[in-house]
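Taking it in order: structure first as structure tokens, then the write-up.
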Amino acid sequence: MEQIAHEVILKTPSLFSFTQMKDALANASRECLYRVADDRIYKAIPAGQDIHVVEISEAGPAQLRIRIFSETAALPEPETQSEIVRYVTEWFDLDTDLAPFYAIASQDALLKQAIDTYSGLHLPGIPDLFEALCWGIIGQQINLTYAHTLKRRIVEQYGRSAAAGGELYWAFPTPETIAALSVPELKELGISGRKAEYLIDTARMLAEGRLSKKLLQEAGDLKKAEAILVSIRGIGPWTANYVLMRCLKLPSAFPADDVGLHNAIKLLTGMDRKPTRQEVLKLAEPWKGWESYATLYLWRILY
DNA sequence: TTCCAGGTCGGCG
DNA sequence: CGCCGACATGGA
């Protein structure tokens, strides 16, 4: 990476570990929307009219460095810069103070070990609502490896890319692009017919402005935002809560039906079967207000 | 071969 | 309501 257009330093919160974030991100080795190399993370971020490749690294104590690369050496507009900063802030979850969660988790049999092992891990966000919805829909009922394969095919077929340092970086397709597709076109990638319908319908809702991140933010609370999402065909309670967790950053969002969560509970409790829904809700009672972080740490144990 | 994957829908009792 | 088959594909 030669050409450095601009550099921005962000302050990280007190209980934050760049290494934990990097390791968690690096764990999804089949991920196509960012790349982890050495102690740096690279990603193409849409901002303004363009896709900007950024490099994220640790700048010093409690500091994150963002390097914004440009093919033209021109500095990105201030508005574009702040858009990128906002994106990275959500992606690395820099606005959350984990202290209250750790206070709860240190007293919790299931979480105690995890918060110690992964101390400083924040919830990696998916700032783009369309990407978060699609990733949720794609991941329904198939294994994570295959979900990554399908996402890669969609991204490389219909996404946008930018080159930097001899590498190509991809950003997720726009709702407008997917809204214009037909079901057979998505089926060609290995996506089921029904999921193809869900993806195209969701893309249309976003493209036509019938659904937006703002609409969900202004819903007022978790239950209302969840109700909006669940009313959409293809989005059930799991996907709704997954999206509210990863994109809206609602700490009490809780994908209680998640099979990975169930497997983690089974593993940690030594049960010879997966927990029932009632058992999951019972175990989650002490997590109130921090269910999404509890889920994150339990997932981290598995993956 | 069978079963399970970071589920959801639509039909049926 | 709750239950059940269908959905697409791949890894164990």
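Below, read A as the first sequence line, B as the second, and so on, with proteins coming before strands; counting in each chain starts at 1. Side chains included, hydrogens not; waters and symmetry mates left out as well; all remaining heavy atoms used.
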Side chain of A:Q140 only, heavy atoms from C-beta on: which candidate in B:dG7, B:dA5, C:dG10 is closest?
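Among the listed nucleotides, the one closest to the side chain of A:Q140 is B:dG7.
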
Measure from the side-chain heavy atoms of A:I142 and tell me the nearest of C:dA8, C:dG10, B:dC4.
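Nearest listed nucleotide: C:dA8.
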
Do A:S182 and A:E185 have side-chain N/O donor and acceptor atoms under 3.5 Å apart?
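Present: a donor and an acceptor within the cut-off.
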
Pair A:Q63, A:T12: side-chain N/O donor-acceptor within cut-off below 3.5 Å:
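Per modelled atom types, A:Q63 and A:T12 side chains form no pair under 3.5 Å.
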
Count the heavy atoms of every other residue, nucleotide or ligand shown that sit under 6.0 Å from CD of A:E77, and state whether that count exceeds 12.
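At most 12 heavy atoms, drawn from other residues, nucleotides or ligands, come within 6.0 Å of this atom.
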
Spacing of the [atom1] atoms in [M] and [N] (rounded, Å):
{"N": "B:dG10", "M": "C:dA8", "atom1": "P", "value": "14 Å"}
{"N": "C:dG5", "M": "B:dT2", "atom1": "P", "value": "16 Å"}
{"N": "B:dA5", "M": "C:dG2", "atom1": "C1'", "value": "24 Å"}

So does [X] get a side-chain nitrogen or oxygen closer than 4.0 Å to the phosphate oxygens (OP1/OP2) of [N]?
{"X": "A:N143", "N": "C:dA12", "value": "no"}
{"X": "A:K274", "N": "B:dA5", "value": "yes"}
{"X": "A:S192", "N": "C:dC7", "value": "no"}
{"X": "A:T149", "N": "C:dT9", "value": "no"}

Donor/acceptor link under 3.5 angstrom from A:R194 side chain onto base of C:dA8
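Between C:dA8 and A:R194, which were checked side chain against base, a qualifying N/O pair under 3.5 Å is absent.
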
Nucleotide B:dG7, atom P - distance to CH2 of A:W135 in whole Å:
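In whole Å, B:dG7 P and A:W135 CH2 are 12 Å from each other.
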
Across the strands shown, which category fits A:L261 at heavy-atom distances under 4.0 angstrom: base, sugar-phosphate, nothing?
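Result for A:L261 = nothing.
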
Remember a base hit wins even if backbone is also touched, and classify A:P255 as base, sugar-phosphate or nothing at under 4.0 Å, heavy atoms.
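Counting heavy atoms under 4.0 Å across all strands, no contact is made by A:P255.
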
Relative to the ring of A:W135, is the ring of A:H148 parallel (under 30°), tilted (30 to 60°) or perpendicular (over 60°)?
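A:H148 and A:W135: tilted rings.
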
